[in-house]
Amino acid sequence: MTPADLAAAVVAAVAAAVEGSEHAVAVPETVTVERPRSREHGDYATNVALKLAKPARRPPRDVAEILAAHLRTADGVAAVEVAGPGFLNIRLDAVGRIAAAVVEAGETYGRNSEASGETIDLEFVSANPTGPIHLGGTRWAAVGDALARVLQASGAEVAREYYFNDAGVQIDRFAASLDAAARGAEVPEDGYAGGYISEIAQQVVAGRPGLLEEPEEKRLDAFRRDGVESMFDSIKADLHAFGVDFDVYFSERTLHESGQVDAAVARLQEQGHTYSADGALWLRTTDFGDVKDRVLVKSDGTTTYFTADAAYYLDKRSRGFDRCVYMLGADHHGYVARLKALAACAGDDPQRNIEILIGQLVSLVRDGEPVRMSKRAGTVITLNDLVDAVGVDAARYSLVRSSIDSTLELDLAVLARQTNDNPVFYVQYAHARIASLLRNAAEFGVVLAAPHDVDVSLLTHDRESDLLRSLGDFPRVVASAAELRAPHRIARHLEELAGTYHRFYDACRVLPPGLKTGEEPANELTYARLLLVQATQVVLRNGLGLLGVSAPERM
RNA sequence: GCCCUCGUAGCUCAGUCGGAUAGAGCGACCGCCUCCUAAGCGGUAGGCCACAGGUUCGAUUCCUGUCGGGGGCACCA
């Protein structure tokens, strides 16, 4: 019996009690079944009786007793106790079957239907191609990609999308900076500095001999076009090396060129939330909770960035995405209200069709001293800097193991010198240890049994049942990570699982000591424990895969 | 000034759709390899879950306020 089965059994018990007129309550769709901290409280516990006590108008313990009587008859339930204020503590039969189920499911174990049928556009990073991905963008790359994987594992159809601005003032400054670098001039005011500028400039010049003899306008035009392309190639290559590939790279420029921006204005006008004032066309976003109305068409006839945002959102929706998820840094939190209001003004449901995740920023210290970052001074820490310091696995893991609600402080000195501080190694080591153990088993002639042939009832040690319960939780962890948009929950579960495995390994000998010499053949318990070990490996590998982190065979 | 967000162990962070004794890693201290990877395991020390009220049978979790950290206010992009 899996935790999901148990939850269903609890619901059935409530329903049975209602049917038998033992209490009168609305049968809940789902109930909370959790693993209690203390093993004295059984394999699983539920607070359902406490929740139902009020509607049933009976003391919690009475409700608990009624439910316990029904639950005891459920298949797979060994014992039910009423405890404390009215908790139901449940012990299961044959917990060991989880191991067989995990191994049989293999790489599909953990997949669930939490987000089944949803079509999600997940936009993240979206940094302008005027420089390399910096630390903040790196966090969204790691978290966004992991979230995409988790949502897919939960049944959603997901597109990873990267929106970029390849026209306008920023790009003009970028081109001017490239031009200055190529000519050996000083960085222009409001320009970009940093080593990459001269590299890109050289690439552009190399591709266009004689460019520097051209008049300024032609030079800037060339730097604008070739420079952006070159910069973007570099960004894509960096992301790819980081294990992140986008399905769609969306150019803001194309929105203007295709007429979609004008179409968006027209659409919003049709919906009736626009008005004219001071010579401009405004969108009345305050109708839907924004703090002020927004300008769609300026008095000079041009549109704003917000207008392009509107066109882009509508484009996503026209491509069939039911949910448009934006991952933005805390420095963009002001966008939440206006984007939500925008969706509402367009006639969409702002609760469903648009979702904005605000992630806190990453701050940097070096030996405890704050590191000031400045794009202009070229003192940014980039994705590549981080990867160079700690490698892809540790970089991704350290960025994805914390909630995006927390500002993350990374100490460069620590990252650079003590990479095994990182919990990723703790998790990866558990996987490598398992791989080694399985190699040994094979070397000593042990042929793994088919999961259903293994006597899992032999897995009775406390460390074994801890492991089984952790394995059984995995699908629910994936489901809740998807639902809560919180991929860090996967990482935390893996850390717990790895710890549980290390303790199991310490307490329970898997291969008989005399196996190597042939004095002591594998026995039934050997096969049962090997199955448990295999199951642990499956979950570690699947979980690390969801985070985009490798599961090494050796360390 | 207004708004958003965070405040949990020495450090970095989990947990909280209200539940039983608040956790991990790192750091500190003490132990454990004749035996499947010691990047491991066991133990000790370390917490007014920022503070004050409120709601509740029950609050670290929800609400209000205060204080502190971070971020944001545009016919910029």
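Below, chains carry the letters A, B, ... as their sequence lines are ordered, and counting in each starts from 1.
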Between protein and nucleotides 70-77 of chain B, map the contacts as a letter string: B base, S sugar-phosphate only, - none, heavy atoms under 4.0 Å, written 5' to 3'.
-BS-SBSB

Does a salt bridge link A:Glu189 with A:Arg173, judged by any charged N lying under 4.0 Å from a carboxylate O?
no

What pairs of donor and acceptor atoms, side-chain ones from residues 525-533 of chain A against any protein atom, are under 3.5 angstrom apart with sequence neighbours left out?
unit_1	atom_1	unit_2	atom_2	d
A:Thr526	OG1	A:Asn523	N	3.0
A:Thr526	OG1	A:Asn523	OD1	3.0
A:Arg529	NE	A:Glu464	OE2	2.5
A:Arg529	NH1	A:Arg509	O	2.7
A:Arg529	NH2	A:Glu464	OE2	3.2

Taking atom C1' of B:rC35 as reference, at what distance in whole Å does atom CZ of A:Phe444 sit?
11 Å

In whole angstrom, what separates A:Ile490's CD1 from B:rA24's P?
21 Å

Looking at the side chain of A:Leu408, which of B:rC36, B:rG19, B:rC13 is the nearest nucleotide?
B:rC13

What contact category does A:Asn89 fall into here, base, sugar-phosphate, or nothing, at under 4.0 angstrom with non-hydrogen atoms?
base

To the nearest Å, give me how far apart CG (A:Leu52) and C1' (B:rC57) are.
16 Å

A:Thr307 side chain to A:Thr303 main-chain N or O, any donor-acceptor pair under 3.5 Å?
no

Please state the P separation for the pair B:rG40 and B:rC49 - nearest whole angstrom.
31 Å

Salt bridge (Lys or Arg N to Asp or Glu O under 4.0 Å), that's the test. Do A:Arg469 and A:Asp466 meet it? Break it down for me.
CA-CA 5 Å; A:Arg469 290 189 297 174; A:Asp466 288 345; 3.3 Å; yes

Would you list the protein and nucleotides 40-43 of chain B atom pairs, both N or O, that sit under 3.5 Å from each other?
unit_1	atom_1	unit_2	atom_2	d
B:rG40	O2'	A:Arg433	NH1	3.0
B:rC41	OP1	A:Tyr426	OH	2.6
B:rC41	O2'	A:Asp506	OD2	2.6

Would you indicate what A:Arg529 reaches in the nucleic acid, counting non-hydrogen atoms under 4.0 angstrom: base, sugar-phosphate, or nothing?
nothing

Under the side chain to side chain contact (heavy atoms under 4.5 Å, CB included) test, which residues partner A:Tyr505, sequence neighbours left out?
A:Arg433, A:Leu437, A:Tyr501

Integer angstrom distance from the C1' of B:rC35 to that of B:rC6:
49 Å

Base, sugar-phosphate or nothing for A:Ala491? Non-hydrogen atoms, less than 4.0 Å.
nothing

Can you tell me how far P of B:rA38 sits from CG of A:Leu437, to the nearest Å?
11 Å

Using the C1' atom as the point on both nucleotides, what is the distance between B:rU60 and B:rG19, in whole Å?
12 Å

Find the distance A:Leu50:CG to B:rU56:C1' and express it as a whole number of Å.
13 Å

Side-chain N,O (A:Ser402) to OP1/OP2 (B:rU12) below 4.0 Å:
no

Which residues share a side chain to side chain contact (heavy atoms under 4.5 Å, CB included) with A:Val336, sequence neighbours left out:
A:Lys340, A:Ile356, A:Ile358

Can you run through RNA chain B from 5' to 3' and write each base as (, ), [, ], | or . depending on how it pairs? Watson-Crick or G-U wobble, both distances under 3.5 Å.
(((((((..((((.....[...)))).(((((.......))))).....(((((..]....))))))))))))....

Expressed as a whole number of Å, how far does the C1' atom of B:rU56 sit from that of B:rU64?
16 Å

A:Trp140 side chain to A:Leu328 main-chain N or O, any donor-acceptor pair under 3.5 Å?
no

Hey, are A:Gln260 and A:Asp315 close enough side-chain-wise for a donor-acceptor pair under 3.5 Å?
yes

If we ignore hydrogens and angles and just use 3.5 Å, is the side chain of A:Ser177 paired with the main-chain N or O of A:Tyr192 as donor and acceptor?
yes

Pairwise 5' ranking along RNA chain B for A:Glu483 and A:Ser406, keeping only the more 5' one:
A:Ser406

On RNA chain B, more 5' by nearest nucleotide between A:Leu438 and A:Leu88 is A:Leu88

Starting from P on B:rC13, measure out to CG on A:Leu399 and report it in whole angstrom.
11 Å

Would you measure the distance from the P atom in B:rC62 across to the matching atom in B:rU44 and give it in whole Å?
32 Å

Would you mind classifying the nucleic acid contact of A:Ser398 as base, sugar-phosphate or nothing, using non-hydrogen atoms under 4.0 angstrom?
nothing

Could you check whether A:Arg401 makes a cation-pi contact with A:Tyr397, meaning its NZ or CZ is under 6.0 Å from the centre of the six-membered ring and within 45° of the ring axis?
no

Crowding at NZ, A:Lys516 (>12 non-hydrogen neighbours, <6.0 Å)
no

Identify which one of A:Tyr163, A:Tyr305, A:Phe306, A:Phe164 satisfies the ring-ring contact (aromatic ring centres under 6.0 Å, His included) criterion when paired with A:Tyr312.
A:Tyr163

Nearest-Å distance once atom P is located in both B:rG18 and B:rA77:
44 Å

Sugar-phosphate, base or nothing in reach of A:Ser436, heavy atoms under 4.0 Å
base

Is B:rC73 in the syn or the anti form, by the rule that syn lies within 90° of 0?
anti

Report yes if at least one side-chain N or O of A:Arg489 is closer than 4.0 Å to OP1 or OP2 of B:rU16; otherwise report no.
yes

Does A:Asn47 have a side-chain nitrogen or oxygen under 4.0 Å from the phosphate oxygens OP1 or OP2 of B:rG58?
no

Using only atom types and a distance under 3.5 Å, with no angle test, would you say the side chain of A:Asp278 pairs donor to acceptor with the backbone of A:Ala280?
no

Nearest atoms (heavy-atom pairs only) where A:Pro475 meets A:Leu471:
CD-O, 4.0 Å

B:rC11 and B:rU21: how far apart are their C1' atoms, nearest whole angstrom?
25 Å

In whole angstrom, give the distance that lies between atom CZ of A:Arg439 and atom P of B:rC36.
14 Å

Pick the C1' atom in B:rC3 and in B:rG10, then give their distance to the nearest Å.
35 Å

To the nearest Å, how far apart are A:Asn440 CG and B:rC36 P?
8 Å

